A.B. asks: 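A single structure is presented below for examination.
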Amino acid sequence: MKTIIEPFRIKTVEPIRMTTVAERRELLQRVGWNLFGLHSDDVMIDLLTDSGTSAMSAEQWAAVMRGDESYAGSPSFYRFESAVRELMPFRHVIPTHQGRAAEAILFSIVGGPGKIVPSNTHFDTTRGNIEATGATALDLVIAEAHDPDNLHPFKGNLDLERLEALLKERGGAVPLVMLTITNNAGGGQPVSLANVRAVAELAHRYGKPLIIDACRFAENAYFIKCREPGQGERRVVEIVRDLFAVADGMTMSAKKDAFANIGGWLALNDDALAAAARNRLILTEGFPTYGGLAGRDLDAIAIGLHEIVDEQYLRYRLRTNEYIGERLIALGVPIVRPVGGHAVFVDARRFLPHVPPRQYPGQALAVALYEQGGIRSCEIGTVMFGLRPDGTEVEAPMDLVRLAMPRRVYTQSHADYIVEVFAELRERRDALAGYRIAWQPQRLRHFTARFEPLA
Ligand code: F0G
């Protein structure tokens with residue numbers, strides 16, 4: 001059959017409150033045209049993030065009831081640990097309340113002034129946790145990743161030559177090598193199995209561990225199955241195990257590819273490093289058999305990990321974004337191609353060429369999507385990256401708008417609606433004006449800045 005149906009039925013529903021353009025205009029004014037200021041029940045389709053927004057399954061909710069809340073040695077922990085190890089056979093699995101807590105613990109141990117941590121592209125919390133220790137976070141993604149029209153199948157790959165040059169020249173400063181799968185900051189682009197293996201081989205040759213930031217590992221594995229020569233006949237679980245077999249550890253946000261609403265973990269093979277991490281965990285998160293989570297959360301993750309590697313689910317998951325992407329391209333809306341695993345990234349700078357980067361075309365498009373259709377998205381451009389620590393402003397390399405798809409939440413008619421809203425905006429895009437920033441904080445301004453329309 002041609003139609004890829006949602007591979008689930010809906011048992012519990014949440015109503016969407018329908019709002020009008022006039023209401024949304026008023027709400028926008030009230031929050032200073034910053035979508036982070038909206039109450040989420042004033043949003044009709046929320047594509048702000050795919051993190052923590054998944055719909056849990058009946059099995060996960062059943063597991064929540066099984067959760068054991070003992071402080072130490074809870075069976076929920078052992079179910080969680082064995083579900084992780086089934087896919088990622090690391091010696092030590094250390095639960096945390098979310099991904100960034102795992103990063104903070106890891107880099108509080110191996111970071112520090114003068115250190116350099118390379119990756120394909122660090123996600124902003126990873127970068128933040130590295131830089132907070134005085135270390136440098138270095139992005140070494142392949143050049144193809146910077147061209148939104150380049151159809152390279154693995155635009156998340158790390159540039160091996162640049163990594164080798166770094167290890168040769170500054171190896172003493174590098175505590176570990178990271179890889180983000182999929183590469184969120186680069187558009188949700190996958191890393192090939194060959195690249196993961198080559199990065200591991202190179203890192204090991206220089207005596208460095210490879211740590212995978214694994215938030216969207218299942219989506220990455222399914223891309224490998226679909227695109228990498230020789231992988232098409234293999235089961236996704238086998239590919240997942242291959243990815244982690246060559247690594248020395250991982251950081252994980254269970255809010256993505258574990259279908260959980262909260263949670264994460266740090267996994268390691270090195271005994272001494274794991275012991276140091278557990279000491280730190282007890283200070284900042286909790287005892288090593290719960291690490292900042294309730295037992296019920298650990299059980300939800302254990303089931304989620306089992307469900308996420310289901311190939312029918314993954315086929316539907318990647319198809320959803322591809323479906324929206326194809327239709328946007330047909331409308332002449334420029335997007336980053338190929339479409340990523342968890343999101344469609346719209347190139348707002350090209351969609352609104354009359355709005356210069358310093359007037360925030362990404363913000364203009366994100367606000368228009370909300371005003372026109374009640375859709376909340378996220379600017380990833382000059383608003384997010386344009387303010388330097390010394391207070392000066394620079395243009396971001398691209399002005400994108402991310403439409404991140406929550407897992408198992410929206411149906412095909414929601415997707416069609418999103419495309420329809422874009423069709424409306426395309427008709428009147430010349431009338432969409434830029435913004436100025438009326439107030440901003442000193443750091444991470446995108447969360448709280450207030451804007452004013454320039455028209
Ligand atoms: N690494 C990657 C690649 C991520 O995308 C995220 C979160 C994290 C680490 C941190 O995990 O949120 O559990 O602390 N990304 C979310 C997003 C916030 O919207 O892309 P966390």
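For this chain, numbers begin at 1 and follow the sequence in order. Counting starts at 1 for both ligands and their atoms, in listed order. All of these numbers come straight from a predicted model, not from anything done at the bench.
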A.B. asks: Taking only heavy atoms of Arg402, which atoms of ligand 1 are found under 4.0 Å from at least one of them?
C.D. replies: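 Counting atoms of ligand 1 from 1, those under 4.0 Å from Arg402 are 17 (C), 19 (O), 20 (O).
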A.B. asks: Can an N or O of Cys215 be found at a distance shorter than 3.5 Å from an N or O of ligand 1?
C.D. replies: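 N/O-N/O distance below 3.5 Å does not exist for this pair.
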A.B. asks: Do Tyr435 and Tyr360 have their ring centres less than 6.0 Å from each other?
C.D. replies: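 No, the ring of Tyr435 stays outside the 6.0 Å limit from the ring of Tyr360, centre to centre.
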A.B. asks: OH of Tyr316 to CD of Gln412: how many Å apart, nearest 0.5 Å?
C.D. replies: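 Separation between the atoms: 10.0 Å.
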A.B. asks: Which residue owns the protein heavy atom closest to atom 21 (P) of ligand 1, what's the atom, and how far is it?
C.D. replies: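 The closest heavy atom on the protein side is Gln98 NE2, 3.3 Å.
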A.B. asks: Between the side chains of Tyr206 and Glu164, does any donor sit under 3.5 Å from an acceptor?
C.D. replies: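 Glu164 and Tyr206 do have a side-chain donor-acceptor pair below 3.5 Å.
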A.B. asks: Any idea which part of Arg100 is under 4.0 Å from ligand 1, heavy-atom wise: side chain, backbone, both or neither?
C.D. replies: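 Both the backbone and the side chain of Arg100 come within reach of ligand 1.
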A.B. asks: Can you find a side-chain donor-acceptor pair between His204 and Asp248 that sits under 3.5 Å?
C.D. replies: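 Their side chains do contain a donor-acceptor pair, which is all the 3.5 Å distance test asks for.
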A.B. asks: Using a strict cut-off of 4.0 Å, indicate which atoms of ligand 1 neighbour a heavy atom of Thr180.
C.D. replies: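 The list of qualifying atoms is 3 (C).
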A.B. asks: Among all protein heavy atoms, pick out the one at the shortest distance from atom 9 (C) of ligand 1; state its residue, atom name and that distance to 0.1 Å.
C.D. replies: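 The answer is Glu103 OE2, 3.1 Å.
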A.B. asks: Determine whether any heavy atom of Arg127 lies closer than 4.0 Å to an atom of ligand 1.
C.D. replies: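 In this structure, Arg127 fails to qualify as a contact of ligand 1 - no heavy atom is under 4.0 Å.
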A.B. asks: Under 4.0 Å, counting heavy atoms only: does Lys256 come that close to any atom of ligand 1?
C.D. replies: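 Yes, Lys256 has a heavy atom closer than 4.0 Å to ligand 1.
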A.B. asks: Less than 6.0 angstrom separating the ring centers of Phe259 and Tyr313, yes or no?
C.D. replies: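 Ring-ring flag for Phe259/Tyr313: true, centres closer than 6.0 Å.
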A.B. asks: Indicate whether any N or O donor in one side chain lies under 3.5 Å from an N or O acceptor in the other, for Ser76 and Asp299.
C.D. replies: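 Asp299 and Ser76 do have a side-chain donor-acceptor pair below 3.5 Å.
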A.B. asks: Which residue and non-hydrogen atom of the protein lie closest to atom 1 (N) of ligand 1, and at what distance in Å?
C.D. replies: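 Going by distance alone, atom 1 (N) of ligand 1 is nearest to Asp213 OD2, 2.7 Å.
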A.B. asks: For ligand 1, which atoms sit closer than 4.0 Å to a heavy atom of Lys255?
C.D. replies: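 Here the atoms of ligand 1 in question are 13 (O).
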A.B. asks: Any non-hydrogen atom of Gly264 lying under 4.0 Å from ligand 1?
C.D. replies: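 Not so, Gly264 does not reach ligand 1.
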A.B. asks: Who's the nearest protein heavy-atom neighbour of atom 8 (C) of ligand 1, and how far?
C.D. replies: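 Protein heavy atom with the smallest distance to atom 8 (C) of ligand 1: Phe123 CD2, 3.4 Å.
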A.B. asks: Just need the protein heavy atom nearest to atom 10 (C) of ligand 1, so name the residue and atom and give the distance.
C.D. replies: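 Ranked first by proximity to atom 10 (C) of ligand 1 is Thr125 OG1, 3.5 Å.
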A.B. asks: Could you tell me which non-hydrogen atom of Ile262 sits nearest to which non-hydrogen atom of Lys255, and how far apart they are?
C.D. replies: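 Taking every non-hydrogen atom into account, CA-CG, 3.7 Å.
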A.B. asks: So which of Thr182, Thr126, Asn184 gets nearest to atom 20 (O) of ligand 1, if we judge by its closest heavy atom?
C.D. replies: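 Closest candidate by heavy-atom distance is Asn184.
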A.B. asks: Does a side chain donor of either Thr19 or Arg24 reach within less than 3.5 Å of an acceptor in the other side chain?
C.D. replies: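 Yes.
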A.B. asks: Identify, for atom 13 (O) of ligand 1, the protein heavy atom at the shortest distance, and state residue, atom and that distance.
C.D. replies: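 Looking only at protein heavy atoms, the one closest to atom 13 (O) of ligand 1 is Ser253 OG, 2.7 Å.
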A.B. asks: Under the 3.5 angstrom rule, does the side chain of Tyr370 hit a backbone N or O of Trp33 as a donor-acceptor pair?
C.D. replies: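 Judged by distance alone, no pair lies under 3.5 Å.
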A.B. asks: Under 3.5 Å between any N/O of Thr49 and any N/O of ligand 1: does that happen in this structure?
C.D. replies: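 It does: an N or O of Thr49 is found under 3.5 Å from an N or O of ligand 1.
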A.B. asks: Report the part of His97 in contact with ligand 1, treating N, CA, C, O as backbone and CB onward as side chain, heavy atoms under 4.0 Å; options are side chain, backbone, both, neither.
C.D. replies: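 Within the 4.0 Å criterion, His97 makes no contact with ligand 1.
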A.B. asks: Can you check side-chain hydrogen bond (donor to acceptor under 3.5 Å, both in side chains) on Asp399 and Thr382, steps first, answer last?
C.D. replies: CA-CA 6 Å; Asp399 280 290; Thr382 303; 3.0 Å; yes
A.B. asks: State the CD-CG distance between Glu103 and Leu266, to the nearest 0.5 angstrom.
C.D. replies: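 Glu103 atom CD to Leu266 atom CG measures 10.0 Å (nearest 0.5 Å).
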